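Note sheet for the following structure.
Since this is a predicted model, take the numbers as computed values, not measurements.
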Amino acid sequence: MKKFVSWLDGPHGTLLRDAVVAAFVGWLTVSEAHTSSYGLLPDGPAAIAVAVVGSAVLIVRTRFPCTVALLATLVQVFDGAFVPIVFAVYTLAVKRGTTRATWLISAWSAVALLLPWRPGLQLSFAYQFDGPDVLLVLVVPLLMVGFPLLLGLWVGQRRQLVASLRDRTRQAELERDMLAVKAVADERTRIARELHDVVAHRVSQITVQAGAYTMSSNTETAEFAEGIRKTGAAAMEELRELLGVLRREDAEDGDAAPKHPQPTLAAACELITEATAAGQHVRADLPDKLPEVPGTTARAVYWLLHESLINAGKHAPGSEISVSLRDHDGQLDVRVANSVGLPRATPVPRSGFGLIGMRERVVLSGGTLAAGPAPGGGFEVAATFPKEPR
């Protein structure tokens, strides 16, 4: 229904509507030309032709309201038919509003209705100018010209008001969107400032202190401190990259790309080595040759392994972790499962955002994800990715 109403308001719908109005007015005008005692032309083919042409021009009344209104008054003069004037004056008031042309043409239309045009350019009234006749003379132009004029002015002003309100609503929506974008940018800047001033400072302190312990005479302590130092340095690099992404609006070249290459399947497999070096019990089942996959898939696999290994270390310390990558039938299956770990003295809070982010990355790469408790205890994450770009 909305599409039909929108089509009626379009150029083709307006033309069709005006054509229907012109046909209806033409039928009334021809009938009036036969019966009216006024008009310069006697009843005959000439009077019928004027009635038809004067009604047909109403098809273009929305495009040429002044011209059509003047032609409608000629129908009254020659045939004594007033119906075209009613529609022409209404359209003129809607389209032109309270302009000089509107008032002049409306006044001429009222005069054309008042004067009793007779064949042979004679003016002859069929009534006497006493009280009732004078009232009739005033009522006819008031109904046939005044009412359409006032109604058209009201409709035109209402349409302008509605259009103005729509423009204001559209402008308000644009301003709202701009404020939302600005709020997001301000929030990103605030987060970046806090990361730089608080988190980066703390991580730097940890890295410096761990670097000091690497000089210890105890080999085991030095190696453990070196691992902490490397992890802290890597965290600082990732934090700087994150700050660059958050502050990409301030970059001189406007490039929002990160400084380092995006994660690959090889980098994802290195996470297993790092987790093993950190003390986790990881058993990996990987193909001899890593398959070629789209960049989105590689990044999703990387962060799936990253999040799964971290979660296993936090929530199930000491558990046995199995990681498998299988390439078959144009798909890449990734599975990470861990057994029940050792109980913790202090439970680690669960935010749930890790699984949400993991699922979003998998879906964006065109894959599917299933995560939940394993049948024999522990937790399992399984995902299937397409090897071809989406």
Nearest heavy atoms of [X] and [Y], plus distance in Å:
{"X": "Ala72", "Y": "Ile85", "result": "O-CG1, 3.6 Å"}
{"X": "Arg96", "Y": "Thr102", "result": "CB-OG1, 3.3 Å"}
{"X": "Leu309", "Y": "Ala275", "result": "CD1-CB, 4.0 Å"}
{"X": "Pro65", "Y": "Thr91", "result": "CB-O, 4.3 Å"}
{"X": "Pro375", "Y": "Glu380", "result": "CD-OE1, 4.5 Å"}
{"X": "Pro386", "Y": "Gly366", "result": "CD-O, 3.6 Å"}

Is there a side chain to side chain contact (heavy atoms under 4.5 Å, CB included) between Ile272 and Leu286 once you walk through the steps? CA-CA 11 Å; Ile272 302 174; Leu286 307 176; 4.2 Å; yes
Keeping the roles fixed (side chain from [X], backbone from [Y]), state whether a donor-acceptor pair exists under 3.5 Å.
{"X": "Ser365", "Y": "Val362", "value": "yes"}
{"X": "Thr231", "Y": "Gly227", "value": "yes"}
{"X": "Ser339", "Y": "Glu320", "value": "yes"}

Counting C-beta onward and ignoring hydrogens, is there a side-chain heavy-atom pair between [X] and [Y] closer than 4.5 Å?
{"X": "Val20", "Y": "Arg17", "result": "no"}
{"X": "Thr67", "Y": "Leu71", "result": "yes"}
{"X": "Val293", "Y": "Phe385", "result": "no"}
{"X": "Arg176", "Y": "Glu173", "result": "yes"}
{"X": "Leu369", "Y": "Val363", "result": "no"}
{"X": "Lys95", "Y": "Cys66", "result": "no"}
{"X": "Tyr90", "Y": "Val86", "result": "no"}
{"X": "Val21", "Y": "Phe87", "result": "yes"}

Check the pair Val57 / Phe64 against side chain to side chain contact (heavy atoms under 4.5 Å, CB included), numbers first and verdict last. CA-CA 9 Å; Val57 296; Phe64 309 102; over 6 Å; no
Take a 6.0 Å sphere around CD of Glu292 and say whether it holds more than 12 heavy atoms from other residues, nucleotides or ligands. no
Rounded to the nearest 0.5 Å, how far apart are [atom1] of [X] and [atom2] of [Y]?
{"X": "Arg299", "Y": "His306", "atom1": "CZ", "atom2": "NE2", "result": "15.5 Å"}
{"X": "Trp108", "Y": "Leu113", "atom1": "CH2", "atom2": "CG", "result": "10.0 Å"}
{"X": "Ile48", "Y": "Ser31", "atom1": "CD1", "atom2": "OG", "result": "8.5 Å"}
{"X": "Trp154", "Y": "Leu149", "atom1": "CH2", "atom2": "CG", "result": "15.0 Å"}
{"X": "Arg170", "Y": "Leu165", "atom1": "CZ", "atom2": "CG", "result": "11.5 Å"}
{"X": "Leu325", "Y": "Cys269", "atom1": "CG", "atom2": "SG", "result": "6.0 Å"}

What verdict does the side chain to side chain contact (heavy atoms under 4.5 Å, CB included) test give for Thr62 and Asp18, after you've listed the backbone C-alpha separation in whole Å, the side-chain angles of each residue and the deciding distance to 0.1 Å? CA-CA 8 Å; Thr62 56; Asp18 291 342; 3.4 Å; yes
How far apart are the C-alpha atoms of Thr98 and Trp103, what are their side-chain angles, what is the distance that settles it, and do they pass the side chain to side chain contact (heavy atoms under 4.5 Å, CB included) test? CA-CA 7 Å; Thr98 56; Trp103 294 110; 4.1 Å; yes
Co-membership, hydrophobic cluster, residues [X] and [Y], 4.5 Å side-chain:
{"X": "Val111", "Y": "Leu92", "answer": "yes"}
{"X": "Val282", "Y": "Tyr302", "answer": "yes"}
{"X": "Leu58", "Y": "Val30", "answer": "no"}
{"X": "Val89", "Y": "Phe147", "answer": "no"}
{"X": "Leu290", "Y": "Val336", "answer": "yes"}

Set of side-chain hydrogen bond (donor to acceptor under 3.5 Å, both in side chains) partners for Arg168, sequence neighbours left out: none
On the 0 to 90° scale, with breaks at 30° and 60°, tag the Trp27-Phe24 ring pair as parallel, tilted or perpendicular. tilted
